[in-house]
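All remarks here apply to the structure that follows.
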Amino acid sequence: MSRNDVSGIETSAVSVLKRAVELDQSSRFQESLVCYQEGIQLLLDVLKAIKDESKKTHYREKIRVYMERAEQIKNHLKQEKEEGKYHEQIKIMENATGYSYEKLFKPYINETLTEIWVEDPYIRYFHQLYNFLRFCEMLLKAPCKVKRIHLLTSQEEGDSSTQVNALAEIKQSLQNHGVTLTIEYSTTIHDREIRFNNGWIIKIGRGLDYFKKPQGKFSIGYCDFDLRQCQETTVDIFHTKHTRTTDL
């Protein structure tokens, strides 16, 4: 590994661990744990590559401190989950960036996740249907083995052909990837909630539709949602041991 490569990894480690500390101080423990784990792995990669013994000693101590904190957070989260007391809140501010579906949901996705329930009344218009598609794509790329996705939404008033056809196409495409999508419509649905069968419940004030319209089709943020400005909303995350499951 070249000196430039090591320097690049060091820079990434500092950035990720700085974010971990910020999240930790904001009591966003699940997110901070993910960042601590990523940062520690980056520091371990640096440790393997450097030759300077004084630097090695420095990084060993840093790794020890971060690992101790990560273990404390892991134990704290485990206890809260066992007691059914876990609740974390994220406030997404107006015009904030860095809140793609990957970033928002990543801390709550693991290899035990196989089934998901999405309740969102606004999977109707063109951009909202694309939001749901992006959410499904995120799940397919994530380190989990999703087999079923259940969508409960409201039906477009008047001509609903665009909505029905788009969801049918998403359903068929997911089937090609081994994932079953079930779709139900409700005239009374209002709340927005996403439930994972690994115990996590995520409630977003605006549902999946919390991104602002891009300035143009060739403007930054049109494709990459981490660069897309958001509308102000609140995200509440809970964990429960008692989750809905079905036989796979």
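Positions are given from 1 along the sequence.
Shown here is Tyr185, whose OH atom has more than 12 heavy atoms of other residues, nucleotides or ligands within 6.0 Å. More than 12 heavy-atom neighbours from other residues, nucleotides or ligands sit within 6.0 angstrom of NZ on Lys212. For Leu140, the CG atom counts as densely surrounded, since its 6.0 Å shell holds more than 12 non-hydrogen atoms of other residues, nucleotides or ligands. Taking a 6.0 Å sphere around CD of Gln215, one finds it holds 12 or fewer heavy atoms contributed by other residues, nucleotides or ligands. The environment of His58 atom NE2 is dense: over 12 non-hydrogen atoms of other residues, nucleotides or ligands sit within 6.0 angstrom. Within a 6.0 Å radius of CE in Met138, other residues, nucleotides and ligands contribute more than 12 heavy atoms. Within 6.0 Å of the CD atom in Glu68, the count of heavy atoms belonging to other residues, nucleotides or ligands exceeds 12.
Distance alone, capped at 3.5 Å, is enough to place a donor-acceptor pair between the Thr153 side chain and the Asp120 backbone. Panel note: side chain Ser186, backbone Thr188; a donor-acceptor pair is recorded below 3.5 Å. The backbone N or O of Thr11 lies less than 3.5 Å from no partner atom in the side chain of Ser15, so there is not a single donor-acceptor pair. Side-chain atoms of Arg228 come within 3.5 Å of backbone N or O of Gly221 as a donor-acceptor pair. Under the 3.5 Å distance criterion, the side-chain polar atoms of Ser173 are left unmatched by any main-chain donor or acceptor of Ile170. A donor-acceptor pair under 3.5 Å is absent between the side-chain atoms of Asn198 and the main chain of Ile109, judged by distance alone. At least one donor-acceptor pair under 3.5 Å links the side chain of Tyr101 to the backbone N or O of Leu208. At least one donor-acceptor pair closer than 3.5 Å links the side chain of Tyr210 to the backbone N or O of Tyr99. Panel note: side chain Gln128, backbone Tyr125; a donor-acceptor pair is recorded below 3.5 Å.
Of the N and O atoms on the side chains of His150 and Glu115, at least one donor lies less than 3.5 Å from an acceptor on the other residue. Between Gln79 and Asn75, the side chains place no donor N or O within less than 3.5 Å of an acceptor N or O (distance only, hydrogens not considered). The closest side-chain donor-acceptor pair between Ser32 and Asp24, if any, does not fall under 3.5 angstrom. Using modelled atom types and a 3.5 Å distance limit, the side chains of Asp226 and Thr97 yield no donor-acceptor pair. Remark: the Glu169 side chain and the Asn165 side chain contain no N/O donor-acceptor pair separated by less than 3.5 Å. When only modelled atom types and interatomic distance are considered, Glu10 and Tyr59 share a side-chain donor-acceptor pair under 3.5 Å. For the residue pair His127 and Asp209, a side-chain donor N or O sits within less than 3.5 Å of a side-chain acceptor on the partner.
To the nearest 0.5 Å, atoms CG (Leu167) and CD (Gln155) are separated by 9.5 Å. Remark: Phe218 CZ to Cys223 SG distance equals 9.0 Å, nearest 0.5 Å.
No continuous path of ILVMFWY side-chain contacts below 4.5 Å connects Tyr122 to Leu133, so the two sit in separate hydrophobic clusters. Cluster annotation: Leu227 and Phe225 are assigned to distinct hydrophobic clusters (Ile/Leu/Val/Met/Phe/Trp/Tyr, side-chain heavy-atom contacts under 4.5 Å, transitive). Follow the hydrophobic side-chain contacts under 4.5 Å out from Ile90 and you reach Tyr36 in the same cluster. The cluster map of Ile, Leu, Val, Met, Phe, Trp and Tyr, joined by side-chain heavy atoms under 4.5 Å apart, puts Val164 and Ile189 in different clusters. There is a path of hydrophobic side-chain contacts, each under 4.5 Å, that joins Val146 to Phe132.
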Test Cys35 against Leu17 for side-chain contact (heavy atoms from CB on, under 4.5 Å), laying out the working first.
CA-CA 6 Å; Cys35 288; Leu17 288 166; over 6 Å; no

Under the salt bridge (charged side-chain N to carboxylate O under 4.0 Å, His left out) rule, what do Glu137 and Arg134 come out as? Steps first, then yes or no, please.
CA-CA 5 Å; Glu137 290 175 335; Arg134 285 175 182 264; 5.9 Å; no

CA sep, side-chain torsions, deciding dist, call: Glu31, Glu88, side-chain contact (heavy atoms from CB on, under 4.5 Å):
CA-CA 10 Å; Glu31 292 177 279; Glu88 189 168 326; 3.5 Å; yes

Given the rule in the salt bridge (charged side-chain N to carboxylate O under 4.0 Å, His left out) test, do Glu22 and Arg19 qualify, once you have shown the distances and angles that lead to the verdict?
CA-CA 5 Å; Glu22 290 173 350; Arg19 180 62 174 158; 3.7 Å; yes

Tyr130 and Phe126: ring-ring contact (aromatic ring centres under 6.0 Å, His included), yes or no, with the steps?
CA-CA 6 Å; Tyr130 265 115; Phe126 199 76; 5.1 Å; yes

Yes or no on side-chain contact (heavy atoms from CB on, under 4.5 Å) for Ile116 and Asn197, after CA distance, side-chain angles and deciding distance?
CA-CA 6 Å; Ile116 294 155; Asn197 73 335; over 6 Å; no

Decide side-chain contact (heavy atoms from CB on, under 4.5 Å) for Val65 and Glu61; before the verdict, give the C-alpha distance in whole Å, the side-chain angles of both, and the deciding distance to 0.1 Å.
CA-CA 6 Å; Val65 171; Glu61 178 60 19; 3.7 Å; yes

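Taking all atoms of both residues into account, the shortest heavy-atom contact from Phe238 to Trp200 is O-CE3, 3.2 Å. The nearest pair of heavy atoms linking Ala166 to Leu129 is CB-CD1, 3.7 Å. Among all heavy-atom pairs drawn from Ile149 and Cys136, the shortest one is CD1-SG, 4.1 Å. Val179 and Arg148 make their closest contact through CG1-N, 4.3 Å (heavy atoms, listed as atom of the first residue, atom of the second, distance). Here the closest non-hydrogen pair linking Ala70 and Leu33 is O-CD1, 3.5 Å. The two atoms that bring Leu43 and Ala13 nearest to each other are CD2-CB, 3.7 Å, heavy atoms only.
We find that Glu38 and Lys106 are joined by a salt bridge, their nearest charged nitrogen and carboxylate oxygen being less than 4.0 Å apart. One finds no salt bridge joining Arg124 and Glu157 here, because no Lys/Arg side-chain nitrogen approaches an Asp/Glu carboxylate oxygen to under 4.0 Å. The pair Lys85-Glu80 does not meet the salt-bridge criterion, since no charged nitrogen lies less than 4.0 angstrom from a carboxylate oxygen. By the 4.0 Å N-to-carboxylate-O rule, Glu53 lies too far from Lys56 to be salt-bridged with it. A salt bridge links Glu193 with Arg195: the closest approach of a Lys/Arg side-chain nitrogen to an acidic carboxylate oxygen falls below 4.0 angstrom. Classification of Lys78 and Glu82 as a salt-bridged pair fails, no side-chain N sitting under 4.0 Å from a carboxylate O.
Looking only at side-chain heavy atoms (C-beta outward), Tyr108 and His239 stay at 4.5 Å or farther from each other. Under the 4.5 Å side-chain criterion, counting only non-hydrogen atoms from C-beta, Gln175 is in contact with Thr180. In this structure, the side chains of Thr234 and Gln89 come closer than 4.5 Å at one or more pairs of heavy atoms. Annotation: side chain of Arg192 is not in contact with side chain of Ile204 (no heavy-atom distance under 4.5 Å). In this structure the side chain of Phe196 never reaches within 4.5 angstrom of the side chain of Trp117, judged on heavy atoms. At least one side-chain heavy atom of Val118 sits less than 4.5 Å from a side-chain heavy atom of Phe135. The shortest side-chain heavy-atom distance between Gln30 and Lys81 falls under the 4.5 Å cut-off.
Listed by chain and residue number, Gln231 satisfy the side chain to side chain donor-acceptor pair (under 3.5 Å) test with Arg206 (two or more places apart in sequence, or in another chain).
If you look at Phe29 and Tyr86, their ring centroids are not closer than 6.0 Å.
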